[in-house]
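Sequence lines set the chain letters: A, B, ... in the order given, protein chains first and strands last, and positions in each chain run from 1. Just so you know, these numbers use all the heavy atoms, side chains as well, and skip hydrogens, waters and symmetry mates. Because the structure is a prediction, the values reported are computed rather than measured.
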Amino acid sequence: MSASASTASVSIGSKFSGAHRLLAFASLIILILVFSLASPNFMQTSNIIAILQATSVNGVLAIAATLVIITGGIDLSVGTLMTFCAVIAGVVLTFWGMPLGLGVLAAIVAGAASGTLSGTFVAKLKIPPFIATLGMMLILKGLSLVISGTRPIYFNGTPGFTQISQGSLIGSVIPGLPIPNGVLILFLVAIATSFILERTILGRFTFALGSNEEAVRLSGVNTDRWKIAVYALSGSICGIAGLLIASRLNSAQPALGQGYELDAIAAVVIGGTSLSGGRGTIIGTLIGALIISVLANGLRILSVAQEWQTVVTGSIIILAVYTDILRRRRL
Amino acid sequence: MSASASTASVSIGSKFSGAHRLLAFASLIILILVFSLASPNFMQTSNIIAILQATSVNGVLAIAATLVIITGGIDLSVGTLMTFCAVIAGVVLTFWGMPLGLGVLAAIVAGAASGTLSGTFVAKLKIPPFIATLGMMLILKGLSLVISGTRPIYFNGTPGFTQISQGSLIGSVIPGLPIPNGVLILFLVAIATSFILERTILGRFTFALGSNEEAVRLSGVNTDRWKIAVYALSGSICGIAGLLIASRLNSAQPALGQGYELDAIAAVVIGGTSLSGGRGTIIGTLIGALIISVLANGLRILSVAQEWQTVVTGSIIILAVYTDILRRRRL
Amino acid sequence: MTALVIMKDIGKSFPGVRALHNAQLELRSGEVHALMGENGAGKSTLMKILAGIYRRDAGEILLDGKPVEINSPRQAQDLGIGIIHQELNLMPHLTAAQNIFIGREPRKAAGLLLDEARLNANAAEIFASMHLKLDPRTPVGGLTIARQQMVEIAKALSYRSRVLIMDEPTAALNDAEIAELFAIIDRLKAEGVGIVYISHKMDELKRIADRVTVMRDSEYIGTVPAAETPVDKIISMMVGRALTEEHPDIPDHATSEVVLEVKHLNRGTVIRDVSLSVRKGEILGFAGLMGAGRTEVARAIFGADRRDSGDIYMHGKKVDIRIPQDAVRAGIGYLSEDRKHFGLATGMDVRNNVVLASLARFTGPGGLLREAAMHDVAARYIDQLAIKTPSDRQEVRLLSGGNQQKIVIAKWLLRDCEVLIFDEPTRGIDVGAKNEIYKLLNALAKQGRAIIVISSELPEVLRLSHRIAVMCEGRLTGILPGGATQEEIMHLATLRGDTANHNKQSKPAKGEAK
Amino acid sequence: QDKMYIPLISKGFQHQFWQAVKAGADKAAADLGVEVTFEGPDSETQVDRQIDMLAAALAKKPAAIGFAALDSQAALPLLQQAKDAKIPVVAFDSGVEGDIPVATASTNNIAAAALAADMMAGLIGDEGKVALVVHDQTSRTGIDRRDGFVNRMKEAHPKVEIVAIEYGEGDHLKSTEITKAILQANPDLKGMFGANEGSAIGVVNGAKELGRQLVIIGYDSGAQQKQAIRDGQMAGAITQNPVGIGYKTVEAAVKAAKGEAVEKNIDTGFYYYDKTNIDQPDIAAVLYD
Ligand SMILES: Nc1ncnc2c1ncn2[C@@H]1O[C@H](COP(=O)(O)OP(=O)(O)OP(=O)(O)O)[C@@H](O)[C@H]1O
Ligand SMILES: Nc1ncnc2c1ncn2[C@@H]1O[C@H](COP(=O)(O)OP(=O)(O)OP(=O)(O)O)[C@@H](O)[C@H]1O
Ligand SMILES: [Mg+2]
Ligand SMILES: [Mg+2]
């Protein structure tokens with residue numbers, strides 16, 4: 001985590017980043033190959049789609065977490081914020097009976113608002129991101145239970161709602177490819193966020209803040225405002241994750257969410273984004289999220305005993321990242 | 001997390017650290033005052049002891065996490081390592097019927113061994129601490145289930161075992177003060193670790209590694225070895241936590257442990273240790289752990305509905321840290 | 001002619017430190033105003049107040065004769081005040097161009113998108129005007145500090161300020177780059193820009209400064225015209241007494257024992273077949289242009305970087321150096337050129353940084369540290385090197401740049417190695433202290449240490465060295481005797497490609513023969 | 001030839017109750033010569049994780065599936081998929097809404113908790129304060145056991161006052177701390193109900209650490225709970241028949257897969273046990289260690 005160390009390797013890493021990014025697939029591809037050989041059930045369209053769908057929620061959450069982590073922060077609230085946004089959608093759609101579009105909007109706005117609050121704690125009040133988002137994690141967890149009356153809110157009154165994640169636009173165009181909308185949304189969010197990170201001023205400041213916040217401030221930039229903006233964007237992406245999971249479950253499950261932040265952050269770090277900030281890619285995060293879900297699915301398909309699944313998952317996560325480190329060193 | 005920001009305020013903090021440390025109690029004392037006024041049941045000896053006992057496991061875990069965090073790392077495996085060590089004690093004492101001392105030794109050695117492994121991943125293989133300890137967290141969780149056969153191991157064959165946490169040496173000397181041994185052990189571990197951190201070469205390198213590892217390496221220090229030593233020490237402290245929880249429950253519960261790392265790290269950060277390394281105190285961590293258990297206990301005593309307990313806990317954590325920041329700025 | 005900037009009776013205190021007291025500065029447009037003073041005199045602090053980074057406790061700032069409040073870097077920029085910081089303030093993960101224009105990126109698509117092409121073009125334009133060959137798309141974290149410094153300069157230039165503060169801009173630069181910078185300064189002067197120039201290199205005064213303001217112990221001493229005032233006078237204003245310069249004679253080491261010998265060192269393309277040796281009591285100077293590979297050689301010897309091939313001998317015995325610990329055990333110490341990243345644990349205090357390489361010596365039974373003994377040595381070095389710090393418990397990052405450098409030196413003096421490699425040891429150090437360090441190096445040599453000094457200041461190399469090794473593009477192009485001239489060195493330092501191989505055969509022979 | 005393969009997707013895994021269900025399922029698998037796997041999420045809140053497990057199970061083209069739904073609505077699309085693929089689904093532990101399951105092997109948690117309430121009321125003299133430590137605020141079993149207990153008290157024992165309901169994730173240690181705080185806040189508390197094994201043990205531990213005497217009623221079994229009942233620290237507990245649930249689920253699944261008729265509702269029953277009947281063969285048979 002010491003940012004100062006190994007400047008040389010960083011420079012080399014980013015110099016060859018094109019090649020490296022392609023190679024980062026390697027761990028993932030090896031995993032897929034191994035599972036395909038081990039079980040004929042793995043490489044079926046339906047299973048591939050199940051894996052992608054299992055990735056969709058964690059993938060979107062991980063993208064949200066990536067933004068904050070690149071600024072050098074951490075976000076522990078992504079999981080419960082997702083749930084909170086799902087509950088808000090439930091309130092708007094089921095309790096108040098509003099049209100679908102408003103529910104979608106409400107979830108995203110709720111996410112952005114919560115992100116703005118976390119960002120304000122961090123930027124203005126100088127509360128360490130770990131504490132600010134830990135607090136928000138608990139606050140949102142409690143509020144979800146309070147608002148929902150501690151029971152799931154079902155979306156049966158809004159028939160279109162399940163389509164958000166479970167319908168298949170692609171399937172209706174290309175009949176043989178019933179990729180659920182949830183997966184489509186994951187990729188759209190990834191592309192949009194990647195674009196923001198690489199091409200817009202907000203993205204530039206995201207990296208700059210994580211690289212050396214003091215230098216940015218000394219350049220006369222209002223760092224607080226930009227930091228809050230990053231947290232707000234991250235929050236609104238959590239709102240999308242909330243819609244995805246609610247649509248997938250056709251319900252807002254108010255108790256779900258805590259613990260999901262760990263999977264999300266794990267995907268980010270496996271994907272090569274540095275927890276000390278300044279460096280990271282969305283494509284890496286996507287690959288990280290896929291590694292996690294391929295592992296989970298594959299081990300289940302192989303009927304590995306559940307206690308051993310955990311052991312193997314832990315080992316492979318370490319191994320995958322180590323492989324990645326070795327490859328980068330060799331480049 | 002950006003180490004560079006707000007240099008001025010940090011410097012002031014450390015200069016007046018004596019005064020500041022005393023004042024850091026303030027958040028805790030305010031909490032205690034408020035709860036005492038709100039409920040006559042709060043300020044009773046039995047409840048104070050209950051709070052202290054509730055702090056013992058998390059406190060010891062938080063001390064273990066503090067060490068690693070000061071080096072600039074993070075340890076997600078403290079919770080499941082605690083369980084693993086408890087299971088190892090169970091195997092040695094109950095399955096093999098060895099004497100108490102050997103069980104205690106086995107738990108601590110198992111912790112040190114696991115810490116050495118994590119430390120080796122981090123120092124030698126250059127795996128980011130987050131990933132190395134995430135992997136270890138899963139591996140240890142799975143292994144605890146495997147070794148125990150997914151069922152609790154009871155210590156009925158070792159009558160003295162429950163005394164480790166539940167007996168009261170102090171109480172047997174001073175009859176009016178039945179402070180359980182678990183609490184005594186927490187304070188002994190805190191004093192010993194504080195001593196190591198402040199007075200020994202290992203402690204000095206713990207801080208130096210977190211401050212600028214590369215500069216330490218270029219001073220001719222074998223940084224890898226010291227880092228591994230810190231992780232090993234941290235692991236052996238987790239072993240003590242494992243003994244405490246097993247003794248308290250008179251059983252090694254193999255499924256327990258995941259999630260405990262968050263409380264432990266929260267205590268560390270609330271206690272003023274910086275996640276970017278190089279700075280931190282054990283007394284701060286103790287206060288952080290106490291804040292967490294006083295909050296939990298007080299809110300339950302006031303019979304606050306559980307969903308609101310979560311909301312209030314989140315808010316107070318943010319507020320407590322903010323108060324601390326304000327005070328430091330004013331000094 | 002009204003002054004561009006007047007700073008009157010400025011006062012500033014930090015906890016436990018009075019950094020400024022009644023400080024004065026008057027800057028005219030179109031002049032280069034040198035700000036001189038010993039390490040910790042308050043130069044950087046005064047300039048940070050002008051640049052809106054610190055708030056002053058007392059005094060007044062007038063811009064064009066009107067009082068102004070400068071409360072943030074942004075306000076300073078808006079008032080046309082730009083600054084090149086003494087310590088680099090870059091975002092290592094961003095490219096050179098991105099660093100230069102942070103917060104002022106050219107946009108396209110109605111301001112929504114970044115115009116990366118124009119960004120790079122603009123940066124390239126500035127680099128061209130500085131005659132700097134640097135790809136604007138290179139991440140700055142991978143650049144040497146010299147190049148990072150050039151990026152900082154480019155950034156300051158890009159603001160087109162009316163007032164430009166340069167806080168030791170040449171500390172990390174070599175002569176060619178310094179000449180380039182001075183050409184830029186001349187152009188800016190002609191455009192009417194007022195420049196505050198802070199440096200510890202006295203020779204630069206005569207070359208570019210119009211007036212000189214001297215500070216000492218946080219106070220204003222006086223302002224004098226640069227051309228008319230003798231350097232000695234300025235120095236005595238700075239240090240409060242006259243300095244005597246002594247050129248020690250070069251002892252004959254022909255019969256002394258060879259302590260360190262390096263044979264056929266290789267590392268990628270940055271070190272190509274370098275062989276050299278240092279004798280007991282000898283100071284070997286290391287000269288070369290930026291990027292010549294001197295630092296790389298030193299790091300490779302020290303075990304900080306892996307080497308592809310090459311053997312290292314101490315007292316004729318081969319030593320296996322893989323990590324810095326091996327080197328230190330073998331008796332080799334290395335003082336890095338980049339103190340912030342590689343030299344200091346800046347978050348720790350002075351005492352602990354001084355003992356960092358020798359901690360084992362202060363460890364008693366059970367790993368217990370002997371704090372009192374640590375305090376004693378720290379106090380000794382604070383005294384010996386005149387380190388300006390309130391106490392040995394002050395965090396190092398709160399010290400002025402020069403004083404930080406002295407702490408790194410103290411660390412290696414305490415470690416007491418047989419071979420000491422000093423990489424740019426006087427970077428950012430004031431004249432008085434520089435003299436002290438020269439004396440110290442000579443004394444160390446007399447005691448029988450073998451010393452390698454890497455320096456980009458030729459006068460320094462010439463003054464200190466008993467022999468001078470010169471590198472170019474990773475090759476050792478020759479070894480000159482102590483009395484060599486600047487021209488001889490520059491000749492070897494620019495010997496490129498195959499011609500170098502040829503010269504290498506003959507020149508070292510000449511060096512060794514002396 | 002390949003054995004018939006039947007995955008069981010449960011609500012949990014590490015808890016002893018689920019391990020007992022697994023033991024029953026494994027026994028049935030051995031008896032009937034089929035292969036079963038048993039999986040469940042870490043916590044009963046992780047509805048989507050369970051769905052992912054169900055999806056992976058379906059990909060393995062099983063002969064039949066056993067499923068303990070955390071939220072049956074959420075699982076509907078996948079259950080539909082199973083139906084379309086002609087994979088029979090046997091619901092266990094708690095029911096699955098709709099007509100997809102060919103059989104349901106479950107305990108009536110509401111009735112069981114009501115029985116606990118009756119027993120509690122009887123032991124405390126039908127009046128006074130009681131409190132609950134429940135494992136989960138939102139899961140089906142948590143809600144049913146809480147509501148079953150609370151509603152029965154309100155209806156049949158109006159003089160019994162419920163002063164606190166807290167949730168401890170079934171974590172022994174957390175439930176212990178919760179119990180101690182509840183006891184501290186209510187010096188006159190007469191009884192406590194722990195709604196699963198971890199909660200019940202926590203209540204026992206908490207009372208023991210504070211040295212308080214009160215009527216404790218637990219749920220499920222396990223060595224510690226049985227010991228507490230024998231020692232008199234715990235008045236009694238409700239037990240389901242987890243081994244039976246596991247066994248019957250696999251049995252029904254095998255029948256359904258072979259196209260044989262299965263009983264639609266397999267009630268595996270529940271029992272109240274205490275010191276007096278703990279060693280009776282019919283009770284001992286449904287308890288686990
Ligand atoms: N943030 C700070 N906190 C405490 N003391 C400080 C701080 N910044 C500077 N100082 C102290 O103020 C004094 C003046 O420092 P300053 O950096 O202005 O010196 P300088 O003249 O630029 O020296 P140098 O030539 O070494 O760069 C020094 O004693 C330094 O230690
Ligand atoms: N961190 C790095 N990443 C990539 N290349 C580097 C790095 N550091 C140095 N180099 C390259 O290695 C070569 C040798 O640089 P080195 O710093 O050793 O030169 P030097 O002679 O010490 O010059 P300087 O005066 O800059 O210290 C140069 O081509 C330089 O660009
Ligand atoms: Mg300075
Ligand atoms: Mg160099």
Side-chain angles (χ1 to χ4, degrees), chain A residues 1-6 71-74 76 121 125-132 134-146 150 209-210 212-215 217 258-259 262 265-266 269-270 274-277 306-319 321-322 325 329, chain B residues 1-7 9 72-74 76 121 125-132 134-143 145-146 150 209-210 212-215 217 258-259 262 265-266 269-270 274-277 305-319 321-322 325:
Chain A
M1 292 223 171
S2 60
S4 54
S6 70
T71 68
I74 186 104
L76 300 178
F121 287 154
L125 308 190
K126 311 286 175 219
I127 296 171
F130 187 93
I131 293 289
L134 173 74
M136 286 302 285
M137 170 180 105
L138 295 173
I139 293 173
L140 293 164
K141 176 183 172 184
L143 285 182
S144 299
L145 290 169
V146 171
T150 67
L209 286 172
N212 185 350
E213 182 171 340
E214 188 65 6
R217 206 176 61 82
Q258 196 175 354
L262 199 64
I265 298 172
V269 183
I270 293 172
S274 150
L275 277 180
S276 50
Q306 189 160 342
E307 57 271 37
W308 282 108
Q309 281 184 24
T310 328
V311 177
V312 175
T313 305
S315 315
I316 290 186
I317 286 177
I318 292 179
L319 208 69
V321 171
Y322 184 54
I325 289 170
R329 206 179 287 169
Chain B
M1 294 224 169
S2 59
S4 53
S6 68
T7 16
S9 67
I74 185 107
L76 300 179
F121 287 154
L125 309 189
K126 311 288 173 217
I127 296 171
F130 186 92
I131 293 291
L134 173 75
M136 287 301 286
M137 169 179 104
L138 295 172
I139 293 173
L140 293 165
K141 176 182 169 183
L143 285 183
L145 290 170
V146 170
T150 61
L209 286 172
N212 186 349
E213 183 173 338
E214 189 62 10
R217 194 176 75 93
Q258 196 174 357
L262 198 65
I265 298 171
V269 184
I270 292 172
S274 152
L275 276 180
S276 48
Q306 187 148 348
E307 54 271 36
W308 282 109
Q309 281 184 24
T310 325
V311 176
V312 175
T313 305
S315 314
I316 290 186
I317 286 177
I318 292 178
L319 209 69
V321 172
Y322 183 55
I325 289 170

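- If you take CZ on F130(A) and CG on L275(B), they are separated by 6.0 Å, rounding to the nearest 0.5 Å.
- Side-chain contact between I325(A) and I127(B) is present, with at least one heavy-atom pair separated by less than 4.5 Å.
- For T150(A), the part sitting under 4.5 Å from any heavy atom of chain B is the side chain, from C-beta outward, and nothing else.
- Chain B forms more heavy-atom pairs under 4.5 Å with one residue of V146(A), L140(A), I265(A) than with any other, namely V146(A).
- Between I131(A) and V321(B), the shortest heavy-atom distance links the atoms CG2-CG2, 3.7 Å.
- Nearest approach of S315(A) to I139(B), heavy atoms of both residues: OG-CD1, 3.6 Å.
- Interface residue L134(B): only side-chain heavy atoms are found under 4.5 Å from chain A.
- When all heavy atoms are compared, the tightest approach of M136(B) to I318(A) is N-CD1, 4.1 Å.
- If you measure heavy-atom distances from Q309(A) to chain B, you find no contacts under 4.5 Å at all.
- Heavy atoms of A132(B) lying under 4.5 Å from chain A belong exclusively to its backbone.
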As a quick check of understanding, evaluate side-chain contact (heavy atoms from CB on, under 4.5 Å) for L76(B) and L262(A), giving each step before the final call. CA-CA 10 Å; L76(B) 300 179; L262(A) 199 64; 4.0 Å; yes
